[in-house]
Amino acid sequence: MKRTHALGRTVAQTAVAVAAAAVALTGCGSGAGTGRPAAPAGSTAARDLTYAEDLRVSDAEQRLFQRCMARHGFRYWEERTLTLEESRPLGYVQDDVGWARAHGYGSRIAAKEDRARLHNPNSAYRAALPAPRRSGYDTALDGGRSAELLRTRAPGGGTVAKQYGGCTGEAERRLYGDPATWFRLDTTAGNLRPLYVGRLLKDRRFTAAVHAWSRCMARVGHPFPDPAAARRTALGPGARPTRAGEATAYAAETNIAVADAGCARRVSLAAVGRAREAHYVGRLPARYTATLDAYRRLRQQALRRAERIVPARA
């Protein structure tokens, strides 16, 4: 229940086009799932967290929420809907054939998450509380109306603000230290891609790899210009109202996803994408590369603390 506000021209407006291009290039390996640029090749900066490590930090945050809310006299259920394998993030490139064969593009995983959100015990618990207790619950969780509002400038312009307080604020402080410093670093690191994504998408080596992927897909009966088009077609805009209809659609999704992953691996699309992204990250102004390094160091600190709080996700 964190509340984040955008003031002036928002970063979200800039990021819409970036998100549409799905430029988190790979769903595995360093930095995956964080939405932050990977460290340049050969860099001596702190490394990015893997998606499994990122998940462990999130799980620790949930455990800290639970403990804190209990101290305030409220119940809180940790949100752990997915297994480690199901939690794997998918970027623009997905080149794990085994994962694709088991999960397609993750439509059933997404449906599982949707069901969990619909039946979230925390939402039901809060709704069942009498009004005064409900207000107390909100205050305990995120500080309520009196919570501090943190503000920071974003790389693309505009100011981003986030409400800070309650158990959510306490958990972040336990994991990351000074809240204002963490908010500034996290906001900057999370909004750097718009500064270079246009050049990356036009990069000669990257576009050549995408074209090679497209030719490979055409040879196996799936003529798509790029991975985003393949995924859009596989997931489709329509509902899957019956069990038989869902099974047919899922089989088609998996078929395309397996071909996509196989071609991506064959032409080294993920490796090329990571290398070219790292190239452009390395050309960012020094103030941003320093911020990224500081961000990664705080994430490493949070991971060490998380390891003392929760086990790794199975």
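One-based numbering along the sequence shown.
Annotation for Arg305: atom CZ counts as buried by contact number, over 12 foreign heavy atoms lying within 6.0 Å. With a 6.0 Å radius and a threshold of 12 heavy atoms from other residues, nucleotides or ligands, Arg75 has its CZ atom at or below the threshold. No more than 12 heavy atoms of other residues, nucleotides or ligands sit less than 6.0 Å from atom CZ of Arg205.
In this structure, Leu175 and Trp182 have side chains that are not in contact, with every pair of non-hydrogen atoms separated by 4.5 Å or more. By the 4.5 Å heavy-atom criterion applied to side chains, Thr254 and Tyr105 are not counted as neighbours. The shortest side-chain heavy-atom distance between Arg304 and Gln300 falls under the 4.5 Å cut-off. No side-chain heavy atom of Thr83 sits less than 4.5 Å from a side-chain heavy atom of Arg88. The shortest side-chain heavy-atom distance between Arg134 and Arg126 falls under the 4.5 Å cut-off.
Note that NZ of Lys112 is 7.5 Å distant from OG1 of Thr81, once rounded to the nearest 0.5 Å. Once rounded to the nearest 0.5 Å, the distance linking OG of Ser87 with CG of Leu82 reads 4.5 Å. Atom CG in Leu298 sits 7.5 Å away from atom OG1 in Thr181 (nearest 0.5 Å). If you take CZ on Arg274 and CG on Leu269, they are separated by 9.5 Å, rounding to the nearest 0.5 Å. In this structure, the separation between CD on Gln66 and OH on Tyr76 is 9.0 Å, given to the nearest 0.5 Å. The line from CZ of Arg67 to NE2 of His72 is 14.5 Å long, rounded to the nearest 0.5 Å.
Salt-bridge annotation for Arg56 and Glu61: absent, with no side-chain N of the basic residue lying under 4.0 Å from a carboxylate O of the acidic one. The pair Asp178-Arg173 does not count as a salt bridge, with every side-chain nitrogen at least 4.0 angstrom from each carboxylate oxygen. With respect to Glu113 and Arg108, no salt bridge is recorded, no charged nitrogen being found less than 4.0 Å from a carboxylate O. No salt bridge links Asp138 with Arg145; every basic N to acidic carboxylate O contact stays at or beyond 4.0 Å.
Under the 4.5 Å side-chain contact rule for hydrophobic residues, Val258 and Trp99 do not share a cluster. Under the 4.5 Å side-chain heavy-atom criterion for ILVMFWY residues, a single connected hydrophobic cluster contains both Tyr295 and Leu303.
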>> Please determine whether side chain to side chain contact (heavy atoms under 4.5 Å, CB included) holds for the pair Leu64 and Ile309, giving the CA-CA distance in whole Å, both sets of side-chain angles, and the decisive distance to 0.1 Å.
In response: CA-CA 8 Å; Leu64 292 171; Ile309 298 170; 4.0 Å; yes
> Does the pair Arg80 and Gln62 meet the rule for a side chain to side chain contact (heavy atoms under 4.5 Å, CB included), with working shown?
Replying inline: CA-CA 9 Å; Arg80 295 196 185 191; Gln62 290 285 310; 5.6 Å; no
>> Thr187 vs Lys162, test: side chain to side chain contact (heavy atoms under 4.5 Å, CB included). Steps then yes/no.
In response: CA-CA 10 Å; Thr187 299; Lys162 182 181 78 168; over 6 Å; no
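The two atoms that bring Ala60 and Ala306 nearest to each other are CB-CB, 3.5 Å, heavy atoms only. Of all non-hydrogen atoms in Leu84 and Tyr51, the two that sit nearest each other are O-CE1, 3.4 Å. The shortest heavy-atom contact between Gly144 and Asp142 is N-OD1, 3.0 Å. Across all their heavy atoms, Glu170 and Cys68 have their closest contact at OE1-SG, 3.6 Å. Of all heavy-atom pairs between Thr207 and Leu201, the closest is CG2-O, 3.2 Å. Nearest approach of Tyr125 to Phe74, heavy atoms of both residues: OH-CA, 3.6 Å.
Figure legend: Arg283 and Tyr196 shown without cation-pi pairing, the cationic atom not lying both under 6.0 angstrom from the six-membered ring centre and within 45 degrees of its axis.
For the residue pair Thr159 and Arg151, no side-chain donor N or O sits within less than 3.5 Å of a side-chain acceptor on the partner. In this structure, a donor-acceptor pair under 3.5 Å is present between the side chains of Trp213 and Asp260. Residues Asp203 and Tyr280 bring a donor and an acceptor atom of their side chains to less than 3.5 Å of each other. Side-chain contact of Tyr164 with Glu172: a donor-acceptor pair under 3.5 Å is absent, judged by distance alone.
Side-chain atoms of Glu86 do not come within 3.5 Å of backbone N or O of Ile109 as any donor-acceptor pair. Judged purely by atom type and a 3.5 angstrom limit, Gln94 uses its side chain to pair as donor or acceptor with the backbone of Asp96. Distance alone, capped at 3.5 Å, is enough to place a donor-acceptor pair between the Arg265 side chain and the Asp95 backbone. Under a 3.5 Å cut-off, the side chain of Ser268 and the backbone N or O of Ala271 do not form any donor-acceptor pair. Between the side chain of Ser107 and the main chain of Gly104, no donor-acceptor pair closer than 3.5 Å is present. Under a 3.5 Å cut-off, the side chain of Asn122 and the backbone N or O of Trp77 do form a donor-acceptor pair. With Thr289 contributing its side chain and Ala286 its backbone, the two residues share a donor-acceptor pair below 3.5 Å. Distance alone, capped at 3.5 Å, places no donor-acceptor pair between the Glu148 side chain and the Gln163 backbone. The backbone N or O of Leu185 sits nowhere less than 3.5 Å from a side-chain atom of Thr291 that would complete a donor-acceptor pair.
Applying the side chain to side chain donor-acceptor pair (under 3.5 Å) criterion to Tyr288, with sequence neighbours excluded, gives no partner residue. For Arg313, the side chain to side chain donor-acceptor pair (under 3.5 Å) test picks out Asp59, with sequence neighbours left out.
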Only pairs under 3.5 Å count here: list side-chain donor-acceptor contacts from residues 214-226, not counting sequence neighbours, and write none if there are none.
| from | atom 1 | to | atom 2 | distance (Å) |
| --- | --- | --- | --- | --- |
| Ser214 | OG | Phe224 | O | 2.6 |
| Asp226 | OD1 | Ala228 | N | 3.2 |
| Asp226 | OD1 | Ala229 | N | 2.8 |

